[in-house]
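Whatever order the structure lists them in is the order used to number ligands and atoms, beginning at 1. As the structure is a prediction and not an experimental result, all values here were calculated from the model.
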Amino acid sequence: MSVERLAELIRERAPCVVLTGAGVSTESGIPDFRSPTGIWADVDPMEYGSLRAFQADPEKIWSFYARRIEMLTGAEPNEAHYALAELERRGYVRAVVTQNIDLLHSRAGSREVVEVHGSIRTASCPACRASHPLDESLLPLPRCPDCGAVLKPDVVFFGELLPRAAIDRAYELARGTRLLIVVGSTLEVYPVADLPLETVRAGGSFAIVNRGPTALDGRAVLNVDGSAGETLHELATVLG
Ligand code: APR
């Protein structure tokens, strides 16, 4: 029933914008952050995921990130990613704004993907500012080929500003759609969690597809409590 209702909303309000979080990639074998089995259940985000921690001890953070990057590059898109790419091709989805750094939306064929928390595609040199492809051959401790400094992955750490162009585009998309659909996020982290509210401020509404509660359930026009892969696959089938 709720997938039918979501399809109805999309037909009325297309093209919609989709905002994804780690829950869209768990069916690719990538743990999320705040589920009981999530990454932050075992690792303190401030100890391994903050800019201050990276600046204090880059080698320690790379020991965590090198394993994470190997896992992410070994993962494959799942049916949630493929369904979103298909819905974009058919004109139902205008763009995907993602908090995920795993590149799976692009690899599944989505064309407009706004990576608001950066990605594992590149790493930058804190000394000479140059950006370099983050090739696995550089692991476990990527150094700048020009000056030898330890590179920083181009992902957003806690305490770090989001890439300006990406967050500006995300806000522009959120303002410009009548329906934003959140998939697989607790909506706990700002400023990204403000995007559904930006859609509402601009006169639109948002729906949530998530396993379990999110911080904005009470403000959503529809809540679908289910798995991203199954729900989005069924949605693509129902929309035809
Ligand atoms: N289908 C639907 N929902 C799922 C699935 C699934 N297959 N798997 C997990 N979920 C849900 C979880 O229950 C949880 O509510 O997805 C949500 C994921 O939430 P988080 O783990 O908080 O991930 P996210 O919202 O993306 O985190 C945002 O926090 O740590 C930072 O930078 C990190 O980008 C991340 C940000």
Side-chain angles (χ1 to χ4, degrees), residues 2-3 6 18-54 61 64-65 68-69 71-72 75-84 96-105 108 113-121 152-163 166-167 170 180-197 206-220 222-236:
S2 44
V3 173
L6 183 55
V18 178
L19 168 61
T20 65
V24 84
S25 293
T26 54
E27 292 166 61
S28 296
I30 299 172
D32 63 14
F33 295 95
R34 294 174 184 80
S35 286
T37 54
I39 292 173
W40 299 147
D42 302 323
V43 167
D44 175 358
M46 290 307 125
E47 189 182 350
Y48 283 93
S50 73
L51 183 61
R52 183 193 302 269
F54 180 82
I61 305 311
F64 167 74
Y65 256 91
R68 183 151 163 69
I69 286 164
M71 178 192 38
L72 297 181
E76 293 296 328
N78 65 61
E79 58 182 351
H81 300 104
Y82 288 117
L84 290 175
V96 173
V97 175
T98 188
Q99 300 170 87
N100 302 339
I101 63 172
D102 55 32
L103 304 176
L104 293 182
H105 285 300
V113 181
V114 183
E115 294 163 336
V116 287
H117 286 170
S119 82
I120 55 171
R121 195 177 281 109
K152 177 189 167 297
D154 286 338
V155 299
V156 177
F157 285 120
F158 286 107
E160 193 174 7
L161 291 175
L162 278 65
I167 194 65
L180 185 135
I181 304 173
V182 178
V183 183
S185 177
T186 48
L187 294 172
E188 299 265 349
V189 175
Y190 283 79
V192 176
D194 182 51
L195 291 171
L197 302 177
F206 65 91
I208 298 175
V209 177
N210 196 62
R211 204 187 276 153
T214 80
L216 294 180
D217 283 345
R219 304 285 307 271
L222 176 68
N223 284 285
V224 180
D225 192 328
S227 118
E230 188 184 331
T231 303
L232 295 177
H233 179 75
E234 190 186 336
L235 181 66

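F64 meets the ring pair (Phe, Tyr, Trp, His ring centres under 6.0 Å) test with Y48; sequence neighbours excluded. Residues satisfying the ring pair (Phe, Tyr, Trp, His ring centres under 6.0 Å) criterion with F206, sequence neighbours excluded, are absent altogether. Qualifying ring pair (Phe, Tyr, Trp, His ring centres under 6.0 Å) partners for Y82, counting only residues two or more places apart in sequence or in other chains: none.
The NE2 atom of H117 sits 4.5 Å away from atom CG of L162, with the distance rounded to the nearest 0.5 Å. Of the inter-residue distances, the one linking L187 atom CG with L19 atom CG reads 6.5 Å to the nearest 0.5 angstrom.
Salt bridge absent: E160 and R52 never bring a charged side-chain N and a carboxylate O closer than 4.0 Å.
A distance limit of 4.0 angstrom between heavy atoms and ligand 1 selects the residues G21, A22, G23, T26, E27, D32, F33, R34, S35, W40, Q99, H117, F158, G184, S185, T186, V189, N210, R211, G226, S227, A228.
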